[in-house]
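Okay, so here's the structure we're looking at.
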Amino acid sequence: MSSKNEDTRTRILKAALALLESGTAVRMSDIAKAAGISRQALYLHFPNRADLLIAATRYLDEISDTDAKLAASRSARRGTERLDAYIEAWGNHIPEVYGVARALLAMRDSDAEAATAWTNRMAAMREGCEAAVRMLARDGDLNPRYGEDQATDLLWTLLSVRGWELLRLECGWSQEAYVAEMKAVARAALLPPHGGGH
């Protein structure tokens, strides 16, 4: 891909993110206008709106350096370490993506493309939960009350954007308290009741 095409693609993604965060219309024509290109040029880069919204959310991950944030979790040697590191990374990532997440959540019931983009990103987040749970099970540190799928469901739900929104914005928790309590609650739920977790 030429640098000119790359520049245009980046401009499109930035325009889409800005529109999502502003809460205004996010039609292909609006994105094209905000990026300073024609609709035809926009469709050359993204054949449909779902692809564009997914690419925009991935670009947001890229510019917020998600891979670097997840490095400690991915390199963890024990499940408990991975669990804590993943909660820390994801919990502190939510404020950076919240504007876009809020827009997609608001749109998804009446907007199939927004729903597709949201589902795509939440599936990626669930993979992180699943990896932590799998390592806990490998270490013999998973609460026998849960199978791996159930434990992943529980962790995924615990770390939802909606939960963060309620605790941080509605209940007034600090970001530090949110991360600390999510770690504590996840450990209380997912580790064996007596001991476990090295």
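Every value quoted in this text rests on a predicted model; they were computed, and no experiment measured them.
With a 6.0 Å radius and a threshold of 12 heavy atoms from other residues, nucleotides or ligands, K183 has its NZ atom above the threshold. Counting heavy atoms of neighbouring residues, nucleotides and ligands inside a 6.0 Å radius, atom CZ of R138 exceeds 12 of them.
T119 has its side chain out of reach of R108: every pair of non-hydrogen atoms, C-beta onward, lies at least 4.5 Å apart. For the pair W118 and D111, the minimum side-chain heavy-atom distance is 4.5 Å or more. Considering only heavy atoms from C-beta on, L105 comes within 4.5 Å of R162 through its side chain. Taking the side chain as every heavy atom from C-beta outward, D51 and T116 never approach each other to under 4.5 Å.
Not one N or O on the side chain of E88 forms a donor-acceptor pair closer than 3.5 Å with the backbone of A72. Under the 3.5 Å distance criterion, the side-chain polar atoms of N143 are matched with a main-chain donor or acceptor of A189. Using a distance-only test at 3.5 Å, with no hydrogens or angles considered, a donor-acceptor pair links the side chain of R168 to the main chain of W173. Here the side chain of K14 pairs no donor or acceptor atom with the backbone of A56 at under 3.5 angstrom.
D65 is linked by a side chain to side chain donor-acceptor pair (under 3.5 Å) to nothing, counting only residues two or more places apart in sequence or in another chain. R126 is linked by a side chain to side chain contact (heavy atoms under 4.5 Å, CB included) to T152, D153, W156, counting only residues two or more places apart in sequence or in another chain. For D109, the side chain to side chain donor-acceptor pair (under 3.5 Å) criterion is met by no residue, not counting sequence neighbours.
Residues D61 and R58 are not paired through a salt bridge, judged by the lack of any N-O separation under 4.0 Å between the basic side chain and the carboxylate.
No continuous path of hydrophobic side-chain contacts links L166 to L159 [ILVMFWY only; heavy atoms under 4.5 Å].
Here the options are R49, K33, E113, the test is side chain to side chain contact (heavy atoms under 4.5 Å, CB included), and the partner is M28; only R49 passes.
The aromatic rings of W164 and Y178 sit perpendicular, their planes meeting at an angle over 60°, well past the 30° parallel limit.
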